[in-house]
Each structure stands twice: as C-alpha cells, then as structure tokens.
Protein chains: 2
Amino acid sequence: MLNKYDVIPLYVQLNDKLREKILNGELKEGEALPSENQLMQEYSITRTTIRRAVDELVKEGLVEKEQGKGVFVRLRQTKQNLWNFQGFTDLSLKKNQQPVTRVLKKEIITENNTVFLKLERLRGTKSNEKTTWLTIDCSFLPIDVFKGIDRFDFEAVSLYQTLRNDYQIFPHHVVLDINPIMCDDKMCERLELLSQIPLLEARGTVYSKDGMEIEKIHNIYGPHFQFKLNQYI
Amino acid sequence: MLNKYDVIPLYVQLNDKLREKILNGELKEGEALPSENQLMQEYSITRTTIRRAVDELVKEGLVEKEQGKGVFVRLRQTKQNLWNFQGFTDLSLKKNQQPVTRVLKKEIITENNTVFLKLERLRGTKSNEKTTWLTIDCSFLPIDVFKGIDRFDFEAVSLYQTLRNDYQIFPHHVVLDINPIMCDDKMCERLELLSQIPLLEARGTVYSKDGMEIEKIHNIYGPHFQFKLNQYI
DNA sequence: CAGTGGTCTAGACCACCCT
DNA sequence: GGGTGGTCTAGACCACTGT
C-alpha cells in the first residue's frame, strides 16, 4: 500500500491516504480511525510513523484524539460555522436552508502581471421564500492555474467543488487579515440592511497543500453571519 | 536539569526551558539553538524527545529549522496568529516592543453560581516614550480553579505566565465569537482614538487540554491591533 | 482486564549544508 | 568530511477508557 522507497515520506503517504478516506466519506463523521496497532499491521510501518501521520490530521482539523478511546473523525466544529469557504453549501443544507448565490461580477483582470478571474458573489440562505443575505465574497483566481474557469456558472455550481472536481486542487489553508469596517451604501443595499452598521471584512489568500496560491479573497460578512473561531493556542 | 519523574512530560519541560531562554534574551534573535546532539548530552534525553520539544517551538513561531544548518531563533516573523491569547507579553517581547498593561478593574464577581475574578486590562506597547494602546481585555477567571489569584499585580506580572508558573495550567484552545462593534465614548477615550470608528470584539472561552474552562474573555481590539488568522480548511 | 493513545529510549540511514 | 536536521525502526512503560 505504501511505497517505502518513494521520495515522499511514509508518514506523508499515510497522511494523504487517511485524509482522502475522510474527505471521500469512507471514514465518516464521528467514526474512529483504525487503531495504531491495526494501522501498524495494515501498512507494516511502526507506530512512530503512524502517530506522525495522524498528528498531521489533527493539525489539519480533520480528526480528534481521545486518550484510551481512539481517533475520531471530527469535521464539524473547526470547519463549519467559520466561513463560507467550503462549508457554505453543506452547512446551509444541514440547517434545512437552501443556499443562494448571486454572481455580482465576473471579469478577467490583470494585477501584478498575473491574470485573474475576479468573481464577486452575494451569498445567503433561503427558507420560506425569504432570503437572508450573509456575505459578499470576492475571489481572485489565477487563470493560468485554472484554465477555462471563466466558463462555469457559479450561480449553479459551487466554486470549491469545481476546483476539486475539475482541477483536482484542494484548498489547504488560508491566511487572513480581519478588520472591522463601516458599511457603505452599496454594501447596505446588497445585504439589504436597514441602517449603516459596522461589518467584518476579511482579506487574504487561500493556499493548496504545497503552498501554491490558489485564490485571493476579499469577503464582507454581514450581521447575520456568525463568525466563530475554534483555535488551538 | 529535567525531572524524569515529574508528571510534566520531558518534552514539555524542555520546551518551557527553551522558550524561557528565548524570551528572556539568553538565546537571541538569529542565534542557533544548541544542536540536537548537544541537547542530548546536556539533558541526557533522546533525540526524539528533543525534536518534539523543538517542534513545539516551531509551532509557537519562536524558531525556524533549516535543514543541514540548525534551528534559529526567529522572533520577528508575522506568520502566526496575531492576538493576545498566547500571551500578550510574550508576543510583544517577540517583536522587541515593551508591553504595557494598565489594570482598569479587578473585582470578585459571581455569575451562574461561580465566583470569578474579573480583570479588565488596557494593553499596549511602548517605544520611544510613546504608548500605543492596542486592546481592552476583559478576563473572567474562576477562583476555585485559581485560588488566591487576586493577590497578583497584573500590571507587573503576566497573566499567562502566572497561570503557567503558579498554577501549572496551560491554555490549549479557545472558542470565540467575533463581531464588529461601534466604538463608544468610553472605549474611544481608553484607546485614545480621535473619532468613533468600528472595532473588533471577541467573546469566548479559553480551555485547557482536558477541556476545563480556564478563562472567559471579552476583548476589544483597537485599530492598531492587526487581527491575523492562519487557518487550515 | 484488554485495548487505546501518551511518552520515551537507543539505535539506524539518509539528505542537506559548509568547509 | 563532519555536522546538521529528516525519517524510521523496534522495542518499552505508562495513563486512561471501557467491560
């Protein structure tokens, strides 16, 4: 199963394999991973190596360890609720709300000698024919990485599902600056706010696992969006 | 030097010792840590344990490893999360700034049948006789967990260092709600702001490793505090 | 009690960096 | 070549969890 002579370390190979099983649903939310002893036998590697691979999963926020019990898939807290990156659609559906995306702008721009698709989306949830607008998401996607990405209709398909399915690119981590800003008239109108109130703004970059920049973002979070954080310190 | 029979794991003891040497200037910016072989001899522990201790320092953002060369103290990098839960004092010292803390309020209160020390602190950094106020931190510490904590002068000593040194309690993770708020007159005056601008507010709970609530917080972040986030998604 | 993860030892071989 | 960190093995003992 694992290739001892590959340049990729065994713990990375195992880490990739386990992450894949979690993300494709083979290991479901709340389920336990095979124990360290089982993994030792299954892959014929030592416990140290297995522990290293699993520790990476913990750092990635995919699993949690519980002493004396096992390692359990925990996708919910750190990933959901946080922002609308990959969990937006799933999160909405879980709450029996229908996710709604309206594309406000979609254009090719050039910045610092790089060509980007600029995609501005208004996002919200619908229940009982009433739509609550949550965020204004602005994404900049380098089109040399995502060739032909401008052909998709992002009111119909999810951006992150497209990146995964059509480009085999998986967002890994994000670096953000978070600031409070005062709502301007345009934001007010788009988010359907009655008065000018302070909002949250996030600017930053999304990276793939190997450190490649895959998306620059500039999002505005409206008052109906709960910005929750669960951080290890 | 290290106590093999202590309940505190050796790698934590070594990690603490090295962090201390970095923060108190014994190991200066850019300097190399002793090599793994040297540390093995100095502390009579194996390389695995040393590597674990050093890896924690890397995670904390205090050092960087360079293959074939060594481990170097790197305090100025801004890669890591920039808030004051890992210790405002530690963070300021890392940036070669002098932390300033003014205690605004210190009282015993009771809430939900639990007795807390309520500690409100104005915090900033001083350079060239000019103090820049960054945050207003409000902490609620359960006094049945931290007996006698009201005797400390938190203008003189760091809260987190006290928790570590006097109570052997280590913050592990934090759950936060983050909201934008409008500055009121009191905040404006305390943070020495010229006009009313939107600010960031964080409310939440800090937990120890075993899930015990060790602190409730309600912090206000002024415009000079950069709220950076580095998250796996 | 058996099974789990937590810590630690004492080695080994490797790739990388500098001289 | 000699020193550094990167990976890996094959054990050991421990604390915690559930039955």
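A note on names: the letters A, B, ... follow the listed sequences, proteins ahead of strands, and every chain is numbered from 1.
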Would you say the side chains of A:N37 and A:S35 form a donor-acceptor pair under 3.5 Å?
no
Within-4.5 Å side-chain heavy-atom neighbours: A:V54 and A:I50
yes
Value in whole Å for how far the P atom of C:dC16 lies from CD of B:Q67
6 Å
For A:M40 and C:dG3, give me the distance from atom CE to atom P, rounded to whole Å.
14 Å
Using a strict cut-off of less than 4.0 Å between a Lys/Arg side-chain nitrogen and an Asp/Glu carboxylate oxygen, indicate whether A:D177 and A:R203 qualify as a salt bridge.
no
In whole Å, I'd like the distance from the CG atom of B:L57 to the P atom of D:dG5.
13 Å
Inspect the contact between B:R51 and B:E36 and indicate whether a charged nitrogen and a carboxylate oxygen are less than 4.0 angstrom apart.
yes
For A:T46, which contact category applies under a 4.0 Å heavy-atom criterion: base, sugar-phosphate, or nothing?
base
If you go through the side-chain atoms of A:R52, does one of them form a donor-acceptor pair with the base of D:dG6 closer than 3.5 Å?
no
Candidates D:dG6, D:dT9, C:dT4 - which lies nearest the side chain of B:R47
D:dG6
Would you please confirm or rule out a distance under 4.0 Å between OP1 or OP2 of C:dC8 and any side-chain N or O of B:Y11?
no
Under 4.0 angstrom between A:K69 side-chain N/O and C:dG3 OP1 or OP2:
no
Kindly say if B:T48 contacts the phosphate of C:dC8, meaning a side-chain N or O under 4.0 Å from OP1 or OP2.
no
Expressed in angstrom and rounded to an integer, what is the separation of A:N37 atom CG from C:dG6 atom P?
13 Å
Atom NZ of A:K65 to atom P of C:dG3: distance rounded to whole Å?
20 Å
Which nucleotide in the set D:dT9, D:dT4, D:dG5 lies at the smallest distance from any side-chain heavy atom of A:I45?
D:dT9
Rounded to whole angstroms, how far apart are CD1 on B:I50 and P on C:dG11?
15 Å
Whole-Å distance between D:dC8 P and A:I8 CD1?
11 Å
Would you tell me if any nitrogen or oxygen in the side chain of A:T49 comes within less than 4.0 Å of OP1 or OP2 on D:dT9?
yes
Round to the nearest Å and state the distance from B:L2 atom CG to C:dT9 atom C1'.
15 Å
So which atom in B:T205 and which in B:I217 form the shortest heavy-atom distance, rounded to 0.1 Å?
N-CG1, 4.5 Å
Start at the 5' end of DNA chain C and walk down; is the nucleotide closest to A:R51 or to B:K4 reached first?
A:R51
